[in-house]
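Input: a single structure, listed below in C-alpha cells.
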Amino acid sequence: MNLLRFFVQNHTEVLESIRGHLWLVGWSTLFAMLIGVPLGILIAHRTQLGQPVLATANIIQAIPALALFGFLLPVPWLGARADRLAILALTLYALLPIIRNTYAGIRGVDAAVVEAGRGMGLTESQLLFQVELPLALSVIISGVRVAVVISVGLATIAAAIGAGGLGEFIFRGLAMVDNRVILAGAIPAAILALLADFGMGWIEKRLRPQ
Amino acid sequence: MIEFRDVSYNVNGIQVLSGLNLRVAPGEILVLLGRSGSGKTTTLKLVNRLVSPSSGQVLVNGAPNDQVDVIRLRRGIGYVIQEAGLFPHFTVARNIGLVPKIEGWPEERIRARVQEMLQVVGLGPDLALRYPHQLSGGQRQRVGVARALAADPAILLMDEPFGALDPLTRDELQREFTLLQRRVHKTVVFVTHDLREALRLGSRIALMEAGKLVTVLTPNEFVKSPDPWASAYVRAFGDGLESAANRGTS
C-alpha cells in the first residue's frame, strides 16, 4: 500500500506533526477551561450576565476559522509566533461549549440540594466546591469533550498561518495534488479526534453522579 | 427562643407574609399549618435567613438574626426538607457528618457522632457507606433528620419532612420523631399541610392562610375551635381527629 509506505517513510515527520497538533489542542483547551469554567460559574450565579456572555461566545464561534486566524495576524506579540496565534484562536473557539456546559451543569444541580446546603450553613465557596461543581462535573467534562473534538479538527487549519500540526500535510497535499500527503494529515487527525472523544466520554461517564 | 415581630415579606410586589407576630417557646414543636402558598415555608426560612424580611424582625435566641453571622446562625439550626435534600454524591456518613466536619471536629469524633446519629434515627451502622440513591424514601428521611441533629443544634426547622412518604412509613416516622423529641428536647418549627400530622406532633399549631397567621392553638383546642378556618380544616380531614389530638393523654 502506497499510503502505508508513505507513513513509514515519513514517520518522524508525521509524529512531529501529531506532537505539534497536540501542543496546539492541549494548550488551547487548558486556557479555554481556565477562562470558560469560571465564566460559566459566574453566569450560573449572576443569570443577568448569562445572555451577553453566551451571545459573545456564540458570535466568536460563528466567525470562520480562516478569517479569525487572519484577523489575529496583525496583533503585535501574537503575530510574532504563529503557534501563539493559533492557540489563542483555538481557545476562543473552545470557549462556547465549555461556558455553556458549565452554566447548564451548575444550573442543573437540584435546587433543593443547594438550598439544603445553604440552610445547613455552608459558605458560598463550600457550596460551590463541595456541592455544585462535583454534581455538575460530568456535564462540564462533556463540554470540554466537545471543545477538544472541535479543536482537533480546527487545529488543522492552523497550518495555514504556519503554526504546524497535522494541517501541514493537508495543505501540502492540496498544493501537490497528492492524496497520500493529504491523508497523512487527515487520518491521524481523525484518529486523534476519535481517541479524544472516546477518552473524554469515558471520564465523563465515570464522573456522572448516580 | 424564636420570635417574629411584625414580620412582612414581599417579593416582586406580592405580599407573601404580612404582620406576622409569633413566638416559639424552647422545647416545643410549633407546627405551621396551611395550604400551599399560605406562607408557612417562607416563615420557616425567615428563621435561618434563607429569606430576609421586608420589614419587622426575627429573633433567634433573643437576638435579631440579622445581627449575627449568617453562617454561624445556620450551623446552630438543623434544617430538614422534603425528600431530605441529601447530597447525592456523598455517602450517608458524609451527609450526616457534614456540619461537624465544616465545624472542624476531629475525624474520630465525627465518626463516632455519625454512628450515634444513625442509631438515634433507627438505622443500622452498615448504612453509613451507602449513597442516598441506594436508600428507601423512609431511610433517606431518617438520614435527613440525623444530619440536622448531628451538630446538636438547639433549633430544628422541618419543612414537610415526611410529606413524600407512603402512609405507613410516614406513620412510623411520626411516631419515632415524637419519641425522639422527648429525648432531645429541640425547639422545632414544623411545616405541614396535613392536619393529622399537625395534631399528632404539634405542641401548638399555627394556622396560616394567605400570608397571615390566623390563629395559634393547641391540638385539643384546634379540633374544637369555632374559628372558621380551623373548623374548615377539621371538616376537610373528617373523622378520627380527636384521637390524634389526644395522643398525649391516652
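Chain letters run A, B, ... following the sequence lines, proteins first and then strands; every chain starts at 1.
In this pair, B:F177 and B:F190 present their aromatic rings tilted. The plane angle is within the 30 to 60° band.
Note on A:R107 versus A:E132: no salt bridge recorded, every NZ/NE/NH1/NH2 to OD/OE distance being 4.0 Å or above. Using a 4.0 Å cut-off between a side-chain N of Lys or Arg and a carboxylate O of Asp or Glu, B:E176 and B:R142 qualify as a salt bridge.
Panel note: side chain B:N95, backbone B:F87; a donor-acceptor pair is recorded below 3.5 Å.
B:L98 touches chain A through its side chain: at least one heavy atom from C-beta onward sits under 4.5 Å away, while N, CA, C and O do not. Of the two parts of A:Q130, the backbone and the side chain both hold a non-hydrogen atom closer than 4.5 Å to a non-hydrogen atom of chain B. Using a 4.5 Å cut-off between heavy atoms, B:L50 touches chain A through its side chain atoms alone.
Inspection of non-hydrogen atoms places B:K45 of residues 21-45 of chain B under 4.5 Å from chain A.
Between the side chains of B:E197 and B:T192, at least one donor N or O lies within less than 3.5 Å of an accepting N or O.
Annotation: side chain of A:V149 is not in contact with side chain of A:M200 (no heavy-atom distance under 4.5 Å).
Looking at residues two or more places apart in sequence or on another chain, you find a side chain to side chain donor-acceptor pair (under 3.5 Å) between B:D171 and B:R175, B:R200.
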